Amino acid sequence: MVNKSIIIIGAGIAGLSTGCYGRMNGYNTRIFEMHNIPGGLCTSWQRKWYTIDGCLHWLVGSGPESSFYKIWKELGAVQKPQIIDHEEFMRFESADGKTFILYTGIDRLEKHMLEIAPEDKDIIKEFIKGIRACTRFELPVDKAPELYGFIDGLKFLIKMLPFMLSVRKWNLISTQDFAARFKNPLLCEAFPVIWLPEFPISFLLMTLAWMHKKVAGYPVGSSLEFSRNIEQRYRDLGGEIHYNSRVTKILVENDRAVGVKLEDGSVHKADYIISAADGYTTIFNMLDGRYADETIKGYYDNLPIFPPLIHVALGVNRSFEEIPHTVTGINFPLDQPITIAGKEWRRIGVHFYNFDPTLAPAGKSVVKVMFFSDYAYWKSLRDDLNRYNAEKEHIADQVVAVLDRRFPGLASKVEMHDVATPVTFHRYTGNWQGTFEGWMITPKTHSLRMSKTLPGLDNFYMAGQWVEPGGGLPPAAFSGRNVVQILCKRDKKPFLTTIP
Ligand SMILES: Cc1cc2nc3c(=O)[nH]c(=O)nc-3n(C[C@H](O)[C@H](O)[C@H](O)COP(=O)(O)OP(=O)(O)OC[C@H]3O[C@@H](n4cnc5c(N)ncnc54)[C@H](O)[C@@H]3O)c2cc1C
């Protein structure tokens, strides 16, 4: 029997995963990627002798106790890198000199929070209980949810019910609303900046539970290396990948996807077309919106996305070995507010990559600060390259100045600076509005499930963060695996996996 063929658009983690599982199951696969490297958002780049990491803070599934670990092993992603499990998620400093440390160990965190805020004993105990409940939860990953039958659904429900009951209430509370329950001003102020204030607090509980279990660590060696490991796995499985190959159209005959057209005009045909590229471009440009029904249009009209980032990296001739290692850095108040791209900031978070020796020569470090920003602001600024570049320089100068006040002497040691804007993220990955993780999860959208197909279009599937609300690397990899499982079912063959 002749193997069926798949064209995959995009070599981000979802596209590479689709390719790997496609090959494991005997499909002839070709990936077309517009950039000249793999990884999409999971990337890093070189400036002088520094490697700037543009993605990985933590990898869910980095340790054997996670159900996701198996997927990363199948993809050859976790065999090589050393994994670091940080003891601290972040440090939050207040204007009056107090520090809240969000420890990743549950007992230590509980003790610390009770010391800081004995007046909040009840809510702290409840919060800690919530994290402990999450440690008992592992998402089943063997079968694509789309293939669940009645029995699978029942088994899932029985397995997950205790967890769902204990965590359900946390899904409905945003981090900001949860913070307002503390009487203690330090905790009240700290929680909304741990990550986005709109995020359901359940995601913080889950993340801390994963970190406590040491299954959400940092893979040493940069995000691009992580992506390259999966690219290598794909090539070892015999997959084809074409870089500098932007897909402009998905070709359709009688409501069946039959191929793609590239920017250079060439046409490529296959039995299945899977887009692991940006959702908006896929649906509204490559397919001209012909298969977008009201539900899909509604997503793109109404759903919140993760706000895009201004990503400021500095190369500093200093080791910062005295600074504690954290997952997301130190957040501190500014003595004078600064205005970044039209928005005022009264505090900033700074991330020291002093734990990854592969990113800078000995004695030097990469230091990073990120700000949420507005795509439209940068898009219009980009029309005037001089103004755009001047704004980036101004931001770098401001960041260096505020860091120098908090970490005296830093400014004189800065050897490199690099500012990526929402337009940069859009240019390099095609992601709509320059977002860094697709659809944002809120208490209103946490249970939203999106289809991997479009109504009325056959032989076409989508994988990646635009069909997995909340985004992130595990859902990207999982969705690629799931799409291939769906194809195997359709082609009446068993779904096979191997571990290299
Ligand atoms: C600063 C930052 C920090 C992050 N931190 C974490 C973290 O700690 N943990 C975590 O799990 N996740 C993190 N993420 C999120 C994570 O990187 C993404 O959710 C994930 O990589 C998305 O993968 P994807 O394959 O779905 O999409 P993408 O990475 O966007 O891949 C899409 C690919 O399609 C290509 N493409 C687009 N259009 C075309 C076209 N027309 N033709 C051909 N190719 C095309 C793009 O070039 C790209 O390679 C972070 C992201 C950022 C930016």
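Note that the structure is a prediction, hence the values are computed from the model and not measured. Quick note: numbers below take in every heavy atom, side chains included, and nothing from hydrogens, waters or symmetry partners. For ligands, and for the atoms within them, numbers begin at 1 and follow the listed sequence.
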Proximal ligand 1 atoms for Leu473, defined as those under 4.0 Å from one of its heavy atoms: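 Going through ligand 1 atom by atom, the ones under 4.0 Å from Leu473 are 10 (C), 11 (O), 12 (N), 16 (C), 17 (O), 20 (C), 21 (O).
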For ligand 1, which atoms sit closer than 4.0 Å to a heavy atom of Met286?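 Answer for ligand 1: 40 (C), 41 (N).
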Quick check against the 3.5 Å criterion: does Ser479 have a side-chain atom that pairs as donor or acceptor with the backbone of Gly464?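 Present.
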Ignoring hydrogens and angles, tell me if any N or O in the side chain of Arg91 forms a donor-acceptor pair with the backbone of Phe332 under 3.5 Å.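 Flag not set: sc Arg91 to bb Phe332 has no pair under 3.5 Å.
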Residues that Lys73 engages under salt bridge (charged side-chain N to carboxylate O under 4.0 Å, His left out), provided they are two or more places apart: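 If we apply the salt bridge (charged side-chain N to carboxylate O under 4.0 Å, His left out) test to Lys73, skipping adjacent residues, there are no hits.
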For atom 52 (C) of ligand 1, what is the nearest protein heavy atom, given as residue, atom name and distance?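 Looking at atom 52 (C) of ligand 1, the protein heavy atom closest to it is Gly54 O, 3.6 Å.
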Starting from atom 26 (O) of ligand 1, which protein heavy atom do you reach first, and at what distance in Å?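 Result for atom 26 (O) of ligand 1: Gln465 N, 2.9 Å.
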Ligand 1 to [X] polar contact by distance, N or O atoms, under 3.5 Å:
X      : result
Asn431 : yes
Gly430 : no
Ala14  : yes

Can you pull out every side chain to side chain donor-acceptor pair (under 3.5 Å) where at least one residue sits in residues 196-208? Sequence neighbours excluded, please.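 Residue pairs with at least one partner in residues 196-208: Asn171-Ser202.
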Between Lys249 and Asp288, does any NZ, NE, NH1 or NH2 come within less than 4.0 Å of an OD or OE carboxylate oxygen?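 Yes, this pair counts.
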